[in-house]
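Heads up: the structure comes next, in structure tokens.
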There are 2 protein chains.
Amino acid sequence: MGVNDRKEREKEELRALILAAAVEVFLQKGFDNTSIRAIADKIEYSPTTIYLYFKDKAALFHAIHQEGFKLMFHHFVPLQQVADPFERLLLQGRYYLDFAFQNPELYDLMFLQPGTMEALPDDLEWMEGNAAFGSLVQNVQACIDARIIWAESAEVLAFTIWASVHGIASLQIQKRCNKVISDHLKPHIATLAFEQVNLMLKSFRIDRVPRG
Amino acid sequence: MGVNDRKEREKEELRALILAAAVEVFLQKGFDNTSIRAIADKIEYSPTTIYLYFKDKAALFHAIHQEGFKLMFHHFVPLQQVADPFERLLLQGRYYLDFAFQNPELYDLMFLQPGTMEALPDDLEWMEGNAAFGSLVQNVQACIDARIIWAESAEVLAFTIWASVHGIASLQIQKRCNKVISDHLKPHIATLAFEQVNLMLKSFRIDRVPRG
DNA sequence: CAAACATACTGAACACTGTTCAACAAAACA
DNA sequence: TGTTTTGTTGAACAGTGTTCAGTATGTTTG
């Protein structure tokens, strides 16, 4: 039956349409002001229709969060061209922050909103997060294997690195940065963030020279 | 006039009563489920009354956030007994994480909810945050003065440290930790966090020995 | 003491929100 | 053509933050 095929295709198209509208409203109006009705208005459907394609608002936001990860992985593509593991690690930190600063709303949804996790369908694994973290662990492991960095556990060190970079992104996105940092540093906050990541990563190098 | 004094006192008392109820509801039901009506019910007043003591919900939440900082500063009191600057710095990281893990809802409000910042009355300074960060800068400066740590700028290093510690707290509170870390590490996450802070702080020591 | 006033408080309403369910129209099948 | 399945929706429910006219109480004044 070609009919069912077409219907399934149409269903998928409407789902995609809803999701696209949701992303648009989300990026335009922010997390708190993204309402089901606003999305429905944008695509000229009834709010009720959205519930035929997404279980509830949490599921819809989970789908937006997935779109965010797609975009982030796209940011990471050039990393595969970088042969040197340490250089790759530095660059991954830079790209990560780039993504966070350029897409604060999405980053918020992906890594900061707790609701996004609680609504994980069927208590399944957090695939997107695991994939992103996994690639970081791999890069750290590569640095260890190449004897550029020393660490007991690649996973533990990767977590430390992630936490540091995420902390910077978080403080910036949640607006705590500008309220605390001195005026003369504010214009260079983005640069500062990169330097901090570099500094931290370099401090794990085996060949690091004691300072002072 | 003793009458006005009494009235002012009563007004202050009711404000305190509302705030106490707000904190209670907030800690019990969490950020999203804290409604003006629930708070009003708890103290048996009309919801409208709350608006006579707080401009809006954001102002009320800002007051709760201030209570959070009071509690946090209380946690930090023992630090003044610690003479060694580096030991003090390590302990501050530990106490910070202690507070975050023990009061996740409050930490969320204080350092993660962006609304808390946007509602800063009259676009004034973030006094509480500045005080907390200031004490960290002081401790870092003390380490630099004692030639235990080397850094170009105490403020920049303090910010790096804060970002790292905050990153760990944030990932844990926003539920990203458990979804990404290996099973065999999960039981030791709290310990892990402390060890990571120690590791990072120690890597800034002048006398640090190259590893490997 | 009684009238005038000021203050503290509230009920009802408005404009939203997420979500559900019975009703309906249209397409697919017999 | 009649029946069944499918896709869509309007109306409603329970909840939210917030406002405003009105009330009731306590204080001050004539």
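Quick note: numbers below take in every heavy atom, side chains included, and nothing from hydrogens, waters or symmetry partners. By convention in this document, chain letters (A, B, ...) are assigned in the order of the sequence lines, proteins followed by strands, and residues within each chain are numbered from 1.
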Residue Ser35(B), side-chain atoms from C-beta onward, closest of dT10(C), dG17(D), dT8(D) = dG17(D)
So, [X] and [Y], do they make that salt bridge, N to O below 4.0 Å?
X	Y	answer
Lys42(B)	Glu24(B)	yes
Arg9(B)	Glu12(B)	no
Glu8(B)	Lys11(B)	no

For the pair made of [atom1] in [X] and [atom2] in [N], what is the distance, rounded to whole Å?
X	N	atom1	atom2	value
Glu10(B)	dG26(D)	CD	P	11 Å
Asn33(A)	dA15(C)	CG	C1'	14 Å
Ile43(B)	dA8(C)	CD1	C1'	13 Å
Glu44(B)	dC9(C)	CD	C1'	15 Å
Lys11(A)	dA27(C)	NZ	C1'	14 Å
Asp41(B)	dG15(D)	CG	P	11 Å
Leu60(B)	dT16(D)	CG	P	14 Å
Phe31(A)	dG18(C)	CZ	C1'	13 Å

inquiry  = Checking Asp32(A) now: which residues fulfil salt bridge (Lys or Arg N to Asp or Glu O under 4.0 Å) with it, not counting sequence neighbours?
reply    = none
ask   = Does Lys29(B) NZ have over 12 foreign heavy atoms under 6.0 Å away?
value = no
With heavy-atom distances below 4.5 Å as the criterion, would you say the side chains of [X] and [Y] are in contact?
X	Y	result
Trp126(B)	Lys175(A)	no
Leu60(A)	Ile36(A)	yes
Pro78(A)	Tyr95(A)	yes
Val140(A)	Gln92(A)	no

request  = Scan side-chain atoms only and decide if Gln66(B) and Glu128(B) contain a donor-acceptor pair under the 3.5 Å cut-off.
outcome  = yes
task = Ignoring hydrogens and angles, state whether a donor on the side chain of His62(A) or Thr116(A) is under 3.5 Å from an acceptor on the partner side chain.
result = no
Side-chain N or O of Thr49(B) closer than 4.0 Å to phosphate OP1/OP2 of dT10(C) = yes
request  = Answer yes or no: does a side-chain N or O of Tyr53(B) lie under 4.0 Å from OP1 or OP2 of dC9(C)?
outcome  = yes
query = Which pairs pass side-chain hydrogen bond (donor to acceptor under 3.5 Å, both in side chains) with one or both residues in residues 44-54 of chain B, sequence neighbours excluded?
reply = Ser46(B)-Thr48(B)
message = Show me the dot-bracket string of DNA chain C, counting Watson-Crick or G-U pairs under 3.5 Å, with | for pairs to another strand and [ ] for crossing ones.
response = |.|.||||||||||||||||||||||||||
request  = Please list, by residue number, the residues of residues 12-27 of chain A whose heavy atoms come closer than 4.0 Å to an atom of DNA chain D; answer none if no residue qualifies.
outcome  = Leu14(A)
Tabulate protein N/O versus nucleotide N/O from nucleotides 5-7 of chain C, keeping only pairs under 3.5 Å, one per line.
none

Full working for side chain to side chain contact (heavy atoms under 4.5 Å, CB included) between Met117(A) and Arg176(B) = CA-CA 7 Å; Met117(A) 284 300 98; Arg176(B) 263 65 179 182; 3.6 Å; yes
query = Which of parallel (below 30°), tilted (30 to 60°) and perpendicular (above 60°) describes Phe159(B) and Phe133(B)?
reply = perpendicular
Polar-atom pairs under 3.5 Å, protein N or O versus N or O of nucleotides 18-22 of chain D: list them with distances, or write none.
unit_1, atom_1, unit_2, atom_2, d
dT18(D), OP2, Tyr51(B), OH, 2.6
dT18(D), OP2, Lys57(B), N, 2.9
dT18(D), O5', Tyr51(B), OH, 3.2
dT18(D), O4, Arg37(B), NH2, 3.4

